[in-house]
Every structure is written in C-alpha cells, then in structure tokens.
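We name chains A, B, ... by the order of the sequence lines, and we start the count at 1 in each one. Bear in mind that the values here come from a model prediction, so they are computed numbers and not experimental data.
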Protein chains: 2
Amino acid sequence: MSTAKNRHHHGDLKRALIQAGIDLLEEGGLEALTLRKCAARAGVSHAAPAHHFAGLPGLISAIAEEGFAIFSKHMTDAIKAGEQTDRERLRSICRGYLQFGLSHSGLLKVMFGEHGLGIHAPRNKREEADAYLILRSVCAPFVLDGEDPHTVEAQVWSLIHGFTLLYIGGEFGCSTTPIEDSPFEAVMALIDRIGTQTET
Amino acid sequence: MSTAKNRHHHGDLKRALIQAGIDLLEEGGLEALTLRKCAARAGVSHAAPAHHFAGLPGLISAIAEEGFAIFSKHMTDAIKAGEQTDRERLRSICRGYLQFGLSHSGLLKVMFGEHGLGIHAPRNKREEADAYLILRSVCAPFVLDGEDPHTVEAQVWSLIHGFTLLYIGGEFGCSTTPIEDSPFEAVMALIDRIGTQTET
DNA sequence: GATCAAATTTGACACTGTAAAGTTAATCTT
DNA sequence: AAGATTAACTTTACAGTGTCAAATTTGATC
C-alpha cells in the first residue's frame with residue numbers, strides 16, 4: 001500500500017502530468033505546453049490526461065495552483081531569512097517576488113493568466129502559507145491608523161507585480177546584469193515611503 | 001489609383017486581417033485568435049495571411065503594434081482634456097491607462113505579451129505620439145534635481161501597469177462598480193507622492 | 001496582345017484537443 | 001474463490017489549426 005492515490009498502472013499520473021507541464025512551460029513557454037506532450041513525457045497515451053483534468057485549461061489551472069504553492073514557499077523563505085525588521089521583511093518579499101518572476105517567468109504568467117484562477121482561488125492545503133496571506137501579513141505593520149489594510153496591499157502588490165512583469169518583458173532594457181539596478185531601486189525607494197506620514 | 005498599397009483582389013488585405021484579428025481577440029480572447037478565422041472574416045482563403053505576416057506570431061505582432069497606436073491616441077486624448085496641471089496630467093494618464101485596459105484587455109495583454117514587442121519597438125509612423133514618450137513627458141515635471149528620469153517613469157509605470165493587470169484579472173474583487181474604488185484610489189494616492197520631497 | 005511578377009488559392013501534411021468505444025487491472029460481492 | 005463492477009488507461013477517429021509547395025488568377029509592363 002503506497003502513498004500514491006492512483007492504484008493502477010501509473011504511480012501518480014496526475015502529479016507526473018503537472019510536473020511535465022511545468023517543465024514544458026519553463027522550457028518553451030506557454031506555446032510548448034501541450035496535453036499530448038505532457039502525456040508522452042509521463043509515458044502514457046495522449047488521451048490519458050483527459051481523465052485527470054478538464055482539458056488543457058484544466059491542466060493549466062492545476063499548474064497555476066502548483067505555481068502558487070511554489071511561490072508561497074519562495075516568499076516564506078525570503079521572509080524567514082534571518083531576523084528582519086518589518087521594513088526589511090517588506091523589502092525581502094518584493095525581492096522574492098521579482099526573483100520568482102525571473103526564475104519562473106512562464107509559471108508566473110500562467111498563475112495570473114487566463115486560466116490561472118488568481119491569488120484568491122481556494123487552495124485546499126496549507127492555508128497558512130497562502131500567498132495572499134503572506135502579502136497581507138507583511139503589509140500589516142504599515143497600515144496607518146484608520147486606514148484600510150487593502151490600501152497598503154494594493155500599493156505594494158501593484159508596484160512589485162507591475163515592475164516584475166515589465167522587467168521580465170524587457171521593458172526596462174532587457175535583463176541588465178544585477179537586480180540591484182536603478183529601476184528596481186527606484187521602485188524599492190517608493191516602497192520605502194509606504195506607511196510613512198505624508199509631508200504636510 | 002487608390003490609396004491602398006495592394007493592387008490585386010483585395011483593397012487592403014493586410015489591414016483587414018489585422019482588424020479581423022483585433023475583433024476576434026476582443027470577442028473571445030487570445031485563444032479565439034486564429035489565422036484561418038481572420039482569413040475567413042476577411043473573405044480570403046486560409047493561406048492568404050502567410051503572404052502578409054510571418055505566421056501567427058507575425059500577425060500578433062502587427063496587432064500589438066496597432067494596439068500601441070490606439071493606446072497612444074487614448075493617452076493623448078486623456079492628457080489633452082481641458083487645461084491641467086502637471087499633477088493632473090499624471091493622474092489623467094494613469095486613469096487612461098486603466099480605462100484602456102478595461103475596454104481593451106485582450107489587446108493590452110497581447111501588447112505586453114510574448115510576441116508583443118513591447119513599448120520600445122520602433123513604430124514607423126507618428127513618432128511624436130509614441131506611448132513611451134507620452135509617459136516620459138508626463139513624468140518629467142516630477143523628476144527631482146539630479147535624479148534619473150527613469151526613476152519616476154519606472155515608479156509610475158510599474159504602479160499603474162501592475163494595478164491595471166491585477167484589476168483586469170479580478171484580483172481586487174472582480175470589477176467593482178466604479179473606477180473610483182478604494183484600491184485604485186490607494187494607488188493614486190501613492191502616485192501623488194511621487195516627485196515630492198521625502199520627509200526627513 | 002504576350003509576358004511577367006505579385007497576390008491569392010488549392011491541396012496536402014503534421015500536430016493539436018476531444019470524444020467515443022474498447023481494454024486492462026484492481027476491488028467488491030456473494 | 002469466481003464472477004461482476006468500476007476505475008485507469010488505450011485505441012481509434014474526427015474537426016480544427018499552422019505551414020508549406022505547387023498551381024492559378026490578376027493587374028501591370030513591354
């Protein structure tokens with residue numbers, strides 16, 4: 001009696017298909033992601049995936065969900081690294097966001113894409129590592145008195161999400177050497193002003 | 001002797017194909033955009049587009065280029081509306097950015113997508129209406145002494161681009177009634193702090 | 001009017017998603 | 001334990017897609 005859920009031929013086909021899909025996605029982008037190729041990589045016939053996902057959109061949704069899990073782990077690690085002040089944690093999460101985008105650009109696009117469900121889709125397991133809750137907790141210390149928490153979240157999220165996508169897309173002069181670049185530092189400088197009093 | 005470049009059967013097939021592509025894109029998203037459907041809508045055979053574009057990616061690039069032209073006009077109109085202060089112009093361009101995204105979401109995704117070429121691709125005609133130059137000119141008044149102009153541009157662009165994509169994706173509670181909503185106002189409040197002195 | 005080149009069509013091929021029917025293997029029932 | 005049942009997977013088939021090579025049409029040129 002193994003830990004795998006499926007009993008027949010393949011040990012855990014569903015997971016194997018998701019992993020094959022992620023590999024194809026990161027190797028050749030969304031266009032290379034194909035049900036038949038995933039099936040071939042998993043060693044099953046081309047129609048097998050239909051029994052585990054609702055077509056290609058269904059597989060993409062599952063990949064996106066797995067992507068959010070990886071993303072959440074990435075964020076959690078970025079925050080846990082050493083003792084940090086609230087401000088440092090906010091900076092760390094932004095750096096982690098960009099780094100995730102750089103190393104998993106295909107995954108990030110799928111997560112927020114057409115069939116990606118978005119960040120608020122209910123993930124069955126480990127609610128405490130939910131990506132949105134991480135963002136929320138890191139932003140919380142910078143919510144001013146009487147201010148809506150969503151305000152800070154929207155500011156931080158929009159800034160780092162927009163910068164990451166534009167940076168990945170090469171809009172800031174395609175992938176200049178270090179991350180510590182002027183446009184990123186500009187964004188971080190603005191992040192640093194969030195949660196401070198506006199000058200009169 | 002007409003103004004059309006093409007001499008044979010169709011008056012201006014290239015433009016007709018691009019327009020058909022934009023229609024398909026906004027009707028059914030990127031998945032509905034197909035060379036054969038574009039050809040059918042333009043009333044030509046399925047292989048005709050190959051003589052005007054480098055395959056589907058080529059058509060998408062052309063659509064993206066047309067999208068940037070529409071985008072630039074949208075921005076220009078937003079700025080020209082009435083006499084505005086520099087600060088009002090900055091707010092207007094951000095509102096225009098979001099409004100364009102709301103009414104042309106498919107086009108916006110293609111413009112910054114895989115085959116979209118991005119905002120810096122050389123557009124042959126009307127350089128003065130280039131989208132990036134518009135952003136640059138609106139941001140210019142808020143560049144502090146000795147500061148890199150790219151700083152302000154990166155801040156403004158990242159903020160409004162990220163917010164627009166997240167808003168379109170329904171991440172802020174899918175399309176709440178008016179644009180003057182709390183998350184958008186939060187972003188605008190941060191925009192209003194750009195170009196002001198940081199408190200000591 | 002014959003020639004020529006560009007624009008478009010026709011036909012074909014490989015690849016894709018998808019559905020229906022068939023096959024295998026593990027579980028259940030009695 | 002033997003047959004029935006069901007889940008996992010395969011096989012087969014079909015419509016739609018991009019793409020290529022070869023006709024074919026069309027407008028212009030000489």
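- Taking only side-chain atoms of A/L56, from C-beta outward, the nucleotide of C/dG17, C/dT9, D/dC9 with the closest atom is C/dG17.
- Distance from the side chain of A/V44 is smallest for D/dT10 among the nucleotides C/dT9, D/dT17, D/dT10.
- Note: A/H104 and A/H74 have perpendicular aromatic rings, judged against thresholds of 30 and 60 degrees for the angle between ring planes.
- Here the nucleotide nearest the side chain of B/T34, chosen from C/dT9, D/dG18, C/dT16, is D/dG18.
- Atom NE2 of A/H51 is separated from atom C1' of C/dA20 by 10 Å (rounded to the nearest Å).
- The nucleotide whose nearest atom lies closest to any side-chain atom of A/H46 is, among C/dA19, C/dT9, D/dT17, C/dA19.
- At a threshold of 4.0 angstrom between heavy atoms, the contacts of A/A47 include nucleobase atoms, whether or not backbone atoms are also involved.
- B/A50 comes within contact range of no nucleotide atom at all, as no heavy-atom separation falls under 4.0 Å.
- In terms of heavy atoms, B/V143 sits closest to B/P149 at CG2-CA, 3.8 Å.
- For D/dC9, the OP1/OP2 oxygens have a side-chain nitrogen or oxygen of A/H52 closer than 4.0 Å.
- Rounded to an integer number of Å, the gap from NZ of B/K37 to C1' of D/dG18 is 13 Å.
- Remark: P of D/dC20 and CG of B/L35 are 11 Å apart, rounded to the nearest angstrom.
- Of the charged side-chain nitrogens involved, none lies within less than 4.0 Å of a carboxylate oxygen, so that B/K14 and B/E65 do not count as a salt-bridged pair.
- Scanning all heavy atoms of the two residues, the minimum distance from B/L165 to B/L108 falls at CD2-CD2, 3.9 Å.
- No N or O donor and acceptor, one from the side chain of B/R36 and one from the base of D/dG16, sit under 3.5 Å apart.
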